[in-house]
Amino acid sequence: MAASVSFACVLGFFLCSLMAGSIESRNFHDLFQPSWAFDHFIYEGELLKLRLDNSSGAGFSSKNKYLFGKVTIQIKLIAGDSAGTVTAFYMSSEGSNHNEFDFEFLGNTSGEPYSVQTNVYVNGVGNREQRLNLWFDPTKDFHSYSIFWNRRQVIFLVDETPIRVHSNLEHRGIPFPKDQAMGVYSSIWNADDWATQGGRVKTNWAHAPFIASYKGFEIDGCECPTTVATSDVARKCSSDGEKKYWWDEPTMSELNLHQSHQLVWNRNVFPLFDVANLGTSSHRRKGGSLWSFLFVQSNLFNSWMPKLEKLQTRRPGSLSVAETLAKWKDYNDHLDSCTDEAKLTRRVPAKGSKKGCMKGKGGPENMRCNYRGVRQRTWGKWVAEIRAPKRGSRLWLGTFPTAIDAALAYDEAARAMYGTSARLNFPNISIPTLLKEKESPPTKESPSPEIKRSSISSLGSTSLSLSYESTITSDHSEEGAAEDV
């Protein structure tokens, strides 16, 4: 069980020998079988290629179904002009009330970033699409894409970095997929009616055939043979006194601290584009002016850092926000450079506005916001402000798409005003370092900038979970507003 042991080590487990029902990593023919267009399959040793041309795409499915565990496939996506094409990797059960977890890689014109769209169906209801640009070129080499699933959460991972978490909130009356065994599928097909720029850019068949390459097939989950009745599936795949599954271990009930920071890094440096907030049609057939609008507007989400250098309307002779912060930063730098005897008095840090917690005030998420200097407006946007030392005036720091963005803006201003005495929302996240390494993806060897710091334990999972919930809001249902963190 080399692959299982390797995966367990990554997650900090040593109980592989006690795991029951796990399926080891195998080659394609052990785990999968072609589903359609057999003549569009190309086998090159352990490498599998699927071909799309103007006659057909292709797809494959797992030979068995699984309940809980982890599924991983390494994929090298279509290179060059892939506009109009979609390469999908997903898990799904059967029937009109099916559950489904989707990775969909949307083709583009040459030179544009590749987008990955994720979606979750529960009891036949989807409309939970989220889209983001990958931090690497997925056509140059193979990258791993994984779906982890247990009774508490569903995690979408890219190269072991979480990009989305779908949490179990059944205690709030929101259904969670936990009783339907799922097959594992992948396919490549033409979707030029919606996939690229809302269908405005069509597939250029002169570039066909389009090739997606696969390797590294791995399934580590509870296998559910067709002979097992649906009513017995959940019991078969649950840990009890005689058998234990690694995905039921307490440490797997939520992201660990490292993963939490990776998710924060990913959402801030490569902002989440919450498609479901603006569209309700099936993700298999999106089209029309809405998607054209979304594609054009998506660039608005590409900058998350506070623009404190922007001059604001002010009285003649008064300082801008940037100038005010620069003044206080120079003051604190001077304090730090002084000897103990010569030091001036450092100003008492402001406690931070608590308006975000005022009942009946502002937006719907205000009561759940615990960040200093952050509040939500009635129409959903988040704002940040900070009071200058010596009971000075309140400085407006700007409007932001998420609570985390606003909290980071507050922290940046607080560091400038109060130096090492600042009260921060994220005391162990270095904003300048984060910006400097914005283009570098987190890895196990070289994690994201805030992960590199040794003293990250004070950024608690409670505040992280709360902030995640407050950043994902949905117009179509309360369900979509809370279950993704």
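Everything numeric here is computed off the predicted structure, so don't read it as measured data. Numbers here simply count residues along the sequence, with the first being 1.
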Contact check, side chains of [X] and [Y], non-hydrogen atoms, under 4.5 Å:
| X | Y | answer |
| --- | --- | --- |
| C222 | Y245 | yes |
| L52 | P209 | no |
| L48 | F41 | yes |
| V154 | I147 | yes |
| L255 | I155 | yes |
| F32 | I219 | yes |
| V116 | V158 | no |
| T399 | W382 | no |

Between [X] and [Y], is there a donor-acceptor pair closer than 3.5 Å when you use the side chain of the first and the backbone of the second?
| X | Y | answer |
| --- | --- | --- |
| T203 | W205 | no |
| Q259 | N256 | yes |
| S187 | G59 | no |
| K215 | F142 | no |
| S82 | T85 | no |
| K202 | D192 | yes |
| D411 | F426 | yes |
| N99 | N123 | yes |
| D81 | A83 | yes |

Qualifying residue for side-chain hydrogen bond (donor to acceptor under 3.5 Å, both in side chains) with S93, from Q180, H98, K65, E100: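 Filter result, single survivor: Q180.
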Under a 3.5 Å cutoff, is there a donor and acceptor pairing between the side chains of [X] and [Y]?
| X | Y | result |
| --- | --- | --- |
| T72 | S144 | no |
| T161 | D159 | no |
| T118 | R164 | yes |
| S186 | Y214 | yes |

In terms of SG positions, are C224 and C237 separated by less than 2.5 Å?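 Answer is no, sulfur atoms not closer than 2.5 Å.
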Quick check for you: to the nearest 0.5 Å, what is the distance between [X] atom [atom1] and [Y] atom [atom2]?
| X | Y | atom1 | atom2 | value |
| --- | --- | --- | --- | --- |
| D179 | L67 | CG | CG | 8.0 Å |
| S35 | Q33 | OG | CD | 6.5 Å |
| W247 | N150 | CH2 | CG | 9.5 Å |
| N425 | Y371 | CG | OH | 7.0 Å |
| L263 | I163 | CG | CD1 | 9.5 Å |
| D39 | S56 | CG | OG | 7.0 Å |

Measure across [X] and [Y] and return the closest heavy-atom pair with its distance rounded to 0.1 Å.
| X | Y | answer |
| --- | --- | --- |
| S115 | N133 | OG-OD1, 2.7 Å |
| A212 | I78 | N-CG1, 4.3 Å |
| A88 | W189 | CB-CZ3, 3.5 Å |
| Q153 | M252 | NE2-O, 3.1 Å |
| P177 | V122 | CD-CG2, 3.7 Å |
| G107 | T196 | O-OG1, 2.8 Å |

[Y] ring center within less than 6.0 Å of [X] ring center:
| X | Y | result |
| --- | --- | --- |
| F148 | W246 | yes |
| F68 | W149 | yes |
| F103 | F156 | yes |
| Y145 | F105 | yes |
| Y185 | F89 | no |

Applying salt bridge (Lys or Arg N to Asp or Glu O under 4.0 Å), can you list everything that pairs with D53, at least two apart in sequence or on another chain?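 Per chain and number, D53 pairs via salt bridge (Lys or Arg N to Asp or Glu O under 4.0 Å) with R51.
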Considering residues, nucleotides and ligands other than E46, do more than 12 of their heavy atoms fall under 6.0 Å from its CD?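 Not buried by this count: 12 neighbours or fewer within 6.0 Å.
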Yes or no on side-chain contact (heavy atoms from CB on, under 4.5 Å) for E104 and N119, after CA distance, side-chain angles and deciding distance? CA-CA 8 Å; E104 291 183 317; N119 198 3; 5.7 Å; no
So, are R151 and E254 salt-bridged, with charged N and O less than 4.0 Å apart?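 So R151 does not pair with E254 through a salt bridge.
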Should K178 and E170 count as an ion pair when the cut-off is N to O under 4.0 Å?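 Salt bridge: yes.
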Full working for salt bridge (Lys or Arg N to Asp or Glu O under 4.0 Å) between K70 and E160: CA-CA 11 Å; K70 184 182 180 187; E160 298 303 321; 2.9 Å; yes
With ring pair (Phe, Tyr, Trp, His ring centres under 6.0 Å) as the test, would you mind laying out the steps for F60 and F28 before giving the verdict? CA-CA 10 Å; F60 60 83; F28 173 79; 5.1 Å; yes
Looking at Y43, does the NZ or CZ of K49 lie under 6.0 angstrom from its six-membered ring centre and within 45 degrees of the ring axis?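 So K49 doesn't make the cation-pi contact.
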Might you work through the side-chain contact (heavy atoms from CB on, under 4.5 Å) test for D102 and V120, ending with a clear yes or no? CA-CA 6 Å; D102 296 332; V120 176; over 6 Å; no
Can you check side-chain contact (heavy atoms from CB on, under 4.5 Å) on L106 and R131, steps first, answer last? CA-CA 10 Å; L106 311 183; R131 186 182 300 181; 3.4 Å; yes
Applying side-chain contact (heavy atoms from CB on, under 4.5 Å), run through E412 and Y410 and close with a yes or a no. CA-CA 5 Å; E412 184 180 15; Y410 175 89; over 6 Å; no
